[in-house]
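Inspection log for the structure reproduced underneath, given as structure tokens.
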Amino acid sequence: QKEVEQNSGPLSVPEGAIASLNCTYSDRGSQSFFWYRQYSGKSPELIMSIYSNGDKEDGRFTAQLNKASQYVSLLIRDSQPSDSATYLCAVGGNQGGKLIFGQGTELSVKP
Amino acid sequence: GAVVSQHPSRVICKSGTSVKIECRSLDFQATTMFWYRQFPKQSLMLMATSNEGSKATYEQGVEKDKFLINHASLTLSTLTVTSAHPEDSSFYICSARGMSDEQFFGPGTRLTVL
């Protein structure tokens, strides 16, 4: 059983729409949750972190965390073609500093 | 966010040679750094955890004698791929751990072994 699961996609949305990316995790002791964006051929870039239940907004991005359901999501409002990338969900807090990464969801925003 | 640099960004070497990759945290002190490798179209694979002043902790299946890691200061960790072979060709990425468990990644090093 994978510890952090994401739909691999590709997820295709039209420009201007809301993109919804989902992630589930298996370790109930997890304390920290992150979303990274990775463009093809580049390294991951941290875009959101969330540590408590509820929503956290930063510009066009909203992270949502539900620890009871072991579920974390990322919403991207007003999606732009430049948002096309692979989005990695990462979970930490119970691994001695290590993060457990999902396989990533490929997002494609069509003009 | 914090800035992590990595050098070199790209290296091509002959089979049997050793390659050293440097990872630096530029604007913060990182007691813990991590080394990953990534093959095309695959997710990150953690190779080892590097703590300043102590031996690195390697993930299962990673040869510690082949991938030598040194974390001599709070801002510098190095990965040396010894006696590199074509199957070691990959994208190597380091990260530095921040105050709240987040990791900030370097730009990566693309290694090609001929």
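Residue numbering restarts at 1 for every chain, and letters A, B, ... go by the order of the sequence lines. This structure is a prediction, so every number in the text was calculated from the model and none was measured.
- At a threshold of 4.5 Å between side-chain heavy atoms, the hydrophobic network of Ile, Leu, Val, Met, Phe, Trp and Tyr places I93(B) and W35(B) in two separate groups.
- By the criterion of side-chain heavy atoms lying less than 4.5 angstrom apart, applied directly or through intervening Ile, Leu, Val, Met, Phe, Trp or Tyr residues, M45(B) is grouped together with F67(B) in one hydrophobic cluster.
- Residue Y36(B) is grouped with residue V4(B) when hydrophobic side chains (ILVMFWY) are merged at heavy-atom distances under 4.5 angstrom, including chains of intermediate members.
- The main-chain N or O of G106(B) is found under 3.5 Å from a side-chain atom of S43(A) such that the two form a donor-acceptor pair.
- Annotation: side-chain hydrogen bond (donor to acceptor under 3.5 Å, both in side chains) contacts of E45(A) (sequence neighbours excluded): R37(A).
- Hydrophobic cluster membership is shared by V19(B) and I69(B), with clusters built from Ile, Leu, Val, Met, Phe, Trp and Tyr side chains linked at under 4.5 angstrom.
- With sequence neighbours left out, S90(B) forms a side-chain contact (heavy atoms from CB on, under 4.5 Å) with R37(B), F39(B), Y92(B).
- Taking a 6.0 Å sphere around NZ of K110(A), one finds it holds 12 or fewer heavy atoms contributed by other residues, nucleotides or ligands.
- Of the listed residues (E102(B), Q6(B), Q103(B), R97(B)), the greatest number of heavy-atom pairs within a distance under 4.5 Å of chain A belongs to Q103(B).
- For the pair F104(B) and L46(A), the tightest heavy-atom approach, listed with the atom from each and the gap, is CE2-CD2, 3.8 Å.
- Residues in residues 38-62 of chain B take part in these salt bridge (charged side-chain N to carboxylate O under 4.0 Å, His left out) pairs, two or more places apart or across chains: K98(A)-E59(B).
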Might you work through the side chain to side chain contact (heavy atoms under 4.5 Å, CB included) test for F34(B) and L99(A), ending with a clear yes or no?
-> CA-CA 10 Å; F34(B) 302 88; L99(A) 295 181; over 6 Å; no

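- The most heavy-atom pairs under 4.5 Å with chain B, out of S49(A), S32(A), G41(A), P44(A), come from P44(A).
- In this structure, no portion of E106(A) lies under 4.5 Å from any heavy atom of chain B.
- Counted within 6.0 Å of NE2 on H85(B), heavy atoms from surrounding residues, nucleotides or ligands total more than 12; the atom is thus considered enclosed.
- Proximity to chain B at a heavy-atom threshold of 4.5 Å picks out nothing from residues 55-83 of chain A.
- Heavy atoms closer than 4.5 Å to chain B are found in the side chain of L88(A), but not in its backbone.
- Side-chain N or O atoms of Y51(A) include one that pairs as donor or acceptor with a backbone N or O of S100(B) at under 3.5 Å.
- Between the side chain of Y36(A) and the main chain of F105(B), no donor-acceptor pair closer than 3.5 Å is present.
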So Q103(A) and Q42(B), side chain to side chain contact (heavy atoms under 4.5 Å, CB included) or not? Walk me through it. CA-CA 7 Å; Q103(A) 288 292 103; Q42(B) 294 188 23; 5.9 Å; no

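- Hydrophobic clustering, with ILVMFWY side chains joined whenever heavy atoms are under 4.5 angstrom apart, groups V4(A) together with I47(A).
- The greatest number of non-hydrogen atom pairs below 4.5 Å with chain A, out of L44(B), T49(B), T57(B), L46(B), is found for L44(B).
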